[in-house]
Amino acid sequence: MVNREAKRAKKEWLENKCSEIENCLVRGLSDKAYKIIKQFFGAYKSGAKVLRDKDGNMVLEDREKILVWKEYIEELYKIGNTDKRYRPPEVENGNFDSIGPTIMIEEIELAIKELKRNKAPGIDNLNDELLIALEGTGKEAMCNIIINTYETGELPKDFEKYVMIHIPKKQKAEKCEKYRTLSLISHASKILTKIVHKRIEKKIKDILTEDQFRFRKNRGTKEAILCLRLIIEKMFRINKPISITFVDLEKAFDNVRWEKLFHIMDKIGIDFKDKRLIHKLYINEKAVIKGEYDTYEEAKVQKGVRQGCNLSPALFNLYIEEALKDLREEEVGGIKIGGMLVQMLRFADDIAMIADSEKI
């Protein structure tokens, strides 16, 4: 009898709590709803307590854990020549028309307005809501920082660094490889990179072929799937064979070589100031690994596009487009539709290679 009443009371209490959370969500009070959920479930506690170094030894001290992560990050983003020096961009043949226009206040205001809310802050601990709410002298100071940074090419140190956090892929992850890393970039730097992205977007878009569906306006998963399905149905309708090979480029975003990327930017005619800014962001890039007791270490990054940066999707598309250029010129594989050779469909680093036979 007592157990039955206890179960009934518990069920009734849970139903009331669920109704309260549902009402909050319906009324748009998401903060209150999540607060109730947090009170019910308690704070999140990671199941991963143990970390092991590359030799399998258990690491317990906070300082040692930071050093293990630093070694892992630097090894992951290391290139063969650790003393590589990149030549800074120059004004081409004295053509000062290619320098690029000055940033307008209206561009900065629009970029601030487009910042996404409720995102974790970067190394400077400035929330996006704070930047969006800036008025008067605070807003004027921010505009001056953005304009001066673009005109001089001298970046604040916080723009070059990002906080790297790690989330276990599985509950009992013990080695760094079993974690997913995320980068928290300064929101103030995103104002500048958003402006630069809009300036270089048109030039990158002009060289992209029609088979790329990722990181492009009005093109996404649905369009890519529809296109592939139409090609398959077309080949079935005319009773011709079709072979599709799906290729996933392993760690493609982490293996972008900066020297090659800078060379491609020169080829397509990106303005000097934009190239200089991107150059500085990359060659001075550092990942900050924080510990539990305000301790931290900086890891040097030497390749890959910057995770979480507004520029990264466009720069990756530019890089991979050039990498596949030779394959297209050789006309390897592919099928002809309406007189046009279709060799592949791409969705960022996922590629569907198309041919009329398994043998190419």
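Remember, predicted model here, so these are calculated numbers, not experimental data. One-based numbering along the sequence shown. The figures that follow rest on heavy atoms only: side chains count, while hydrogens, waters and symmetry mates do not.
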Item to check | CD1 on Ile207 to CD on Gln212, rounded to 0.5 Å | outcome: 11.5 Å
Checklist entry - Should Leu134 and Ile112 count as side-chain neighbours, where that means a heavy-atom distance under 4.5 Å? => result no
Next on the checklist: Once rounded to the nearest 0.5 Å, what's the spacing between atom OG of Ser189 and atom OH of Tyr162?
Outcome noted: 12.0 Å
Item to check | Heavy-atom neighbours of Glu22 CD exceed 12 at 6.0 Å | outcome: no
Checklist entry - How about Lys280: does its NZ atom have over 12 heavy atoms from other parts shown lying under 6.0 Å from it? => result yes
Checklist entry - Considering all heavy atoms of both residues, which atom of Glu297 and which atom of Lys70 are nearest to each other, and what is their separation? => result OE1-NZ, 3.4 Å
Checklist entry - For Lys303 and Asp254, which heavy atoms make the closest approach, and how far apart are they? => result CG-O, 3.4 Å
Item to check | Check ion pair Glu107-Arg199 (N to O, under 4.0 angstrom) | outcome: yes
Item to check | Main-chain N/O of Ile123 paired to Asp158 side chain as donor or acceptor, under 3.5 Å | outcome: no
Item to check | Main-chain N/O of Lys273 paired with Asp271 side-chain donor or acceptor, under 3.5 Å | outcome: no
Checklist entry - Does atom NZ of Lys54 have more than 12 heavy-atom neighbours from other groups under 6.0 Å away? => result no
Item to check | Min side-chain heavy-atom separation Glu151-Ile147 under 4.5 Å | outcome: yes
Checklist entry - Between atom CZ of Phe213 and atom CG of Asn317, what is the distance when rounded to the nearest 0.5 Å? => result 12.0 Å
Next on the checklist: Could you report the tightest heavy-atom contact between Ile132 and Leu115, atom names first, then the distance?
Outcome noted: CD1-O, 3.9 Å
Next on the checklist: If you count heavy atoms of other groups shown closer than 6.0 angstrom to CG of Asn239, is the number above 12?
Outcome noted: no
Checklist entry - Applying the 4.5 Å side-chain criterion to the ILVMFWY set and letting contacts propagate, would Leu67 and Leu51 be lumped into a single cluster? => result no
Checklist entry - For the residue pair Ile283 and Trp258, what are the closest heavy atoms and their distance? => result CA-CZ3, 4.0 Å
Item to check | Interatomic distance, Lys139 atom NZ to Met142 atom CE [nearest 0.5 angstrom] | outcome: 11.5 Å
Checklist entry - Can you check whether Val342 reaches Asp211 side chain to side chain, under 4.5 Å on heavy atoms? => result no
Checklist entry - With no hydrogens and no angle check, is any side-chain donor or acceptor of Glu174 less than 3.5 Å from a backbone partner on Val50? => result no
Next on the checklist: Would you compute the distance between atom CE of Met344 and atom OG1 of Thr245 and round it to the nearest 0.5 angstrom?
Outcome noted: 11.5 Å
Next on the checklist: Under a 3.5 Å distance rule, please check whether Glu285 uses its side chain to pair with a backbone N or O of Val301 as donor and acceptor.
Outcome noted: no
Item to check | Asp248: partners by side chain to side chain contact (heavy atoms under 4.5 Å, CB included), with sequence neighbours left out | outcome: Asp349, Asp350
Next on the checklist: Using a 6.0 Å cut-off, check whether atom CD of Glu177 has over 12 heavy atoms from anything other than its own residue.
Outcome noted: yes
Item to check | Carboxylate-amine/guanidinium contact Glu109 Lys113, below 4.0 Å | outcome: no
Item to check | 4.5 Å side-chain heavy-atom contact, Leu318 and Ile200 | outcome: no
Checklist entry - Can you name the one residue among Ile225, Leu228, Ile351 that meets side chain to side chain contact (heavy atoms under 4.5 Å, CB included) with Leu345? => result Leu228
Next on the checklist: I want to check something: taking the side chain as every heavy atom from C-beta on, are Lys178 and Lys172 in contact at a cut-off of under 4.5 Å?
Outcome noted: no
Item to check | SB check Lys157 Glu298 (cutoff 4.0 Å) | outcome: no
Next on the checklist: Donor-acceptor pair, distance only, cut-off 3.5 Å: does the side chain of Lys275 make one with the backbone of Asp266?
Outcome noted: no
Next on the checklist: Are there over 12 heavy-atom neighbours, none belonging to Lys119, within less than 6.0 Å of that residue's NZ?
Outcome noted: no
Item to check | Evaluation steps, side-chain hydrogen bond (donor to acceptor under 3.5 Å, both in side chains), between Thr209 and Glu321 | outcome: CA-CA 8 Å; Thr209 51; Glu321 186 72 32; 3.0 Å; yes
Checklist entry - How are the rings of Phe253 and Phe316 set to each other: parallel, tilted or perpendicular (split at 30° and 60°)? => result parallel
Item to check | Under 3.5 Å: donor-acceptor pair, side chain of Ser186, backbone of Gly122 | outcome: no
Next on the checklist: Can you confirm whether Arg306 sits close enough to Leu315 that some side-chain heavy atom of one is under 4.5 Å from a side-chain heavy atom of the other?
Outcome noted: no
Checklist entry - Under 3.5 Å, is there a donor-acceptor pair between the side chain of Arg276 and the main chain of Tyr150? => result yes
Checklist entry - Can you tell me how far the CG atom of Asn284 sits from the CD atom of Glu160, to the nearest 0.5 Å? => result 4.0 Å
Next on the checklist: Please enumerate all residues that pass side chain to side chain contact (heavy atoms under 4.5 Å, CB included) together with Leu76, with sequence neighbours excluded.
Outcome noted: Tyr72, Lys251
Checklist entry - Counting heavy atoms not belonging to Lys205, are there more than 12 under 6.0 Å from its NZ? => result no
Next on the checklist: Give me the atom names and distance for the closest heavy-atom approach of Ala188 to Leu131.
Outcome noted: N-CD1, 3.6 Å
Next on the checklist: Strictly below 4.0 Å, N to O, side chains only: are Arg229 and Glu233 in salt-bridge contact?
Outcome noted: yes
Checklist entry - Is the closest basic N to carboxylate O distance between Lys198 and Glu201 below 4.0 Å? => result no
Item to check | Side-chain (Asn148) to main-chain (Asn144) donor-acceptor, under 3.5 angstrom | outcome: yes
Checklist entry - Is the backbone of Arg257 close enough, under 3.5 Å, to the side chain of Tyr319 for a donor and an acceptor to pair up by distance? => result yes
Next on the checklist: When you measure from the side chain of Gln302 to the backbone of Ile79, do you find a donor-acceptor pair of N or O atoms at a distance under 3.5 Å?
Outcome noted: yes
Checklist entry - How far apart are the closest heavy atoms of Glu64 and Leu60, and which atoms are they? => result OE1-N, 4.2 Å
Next on the checklist: Can you confirm whether Gln307 sits close enough to Ile185 that some side-chain heavy atom of one is under 4.5 Å from a side-chain heavy atom of the other?
Outcome noted: no
Next on the checklist: Is there a side-chain contact between Glu322 and Lys260 in this structure, where contact means two heavy atoms from C-beta onward sitting under 4.5 Å apart?
Outcome noted: yes
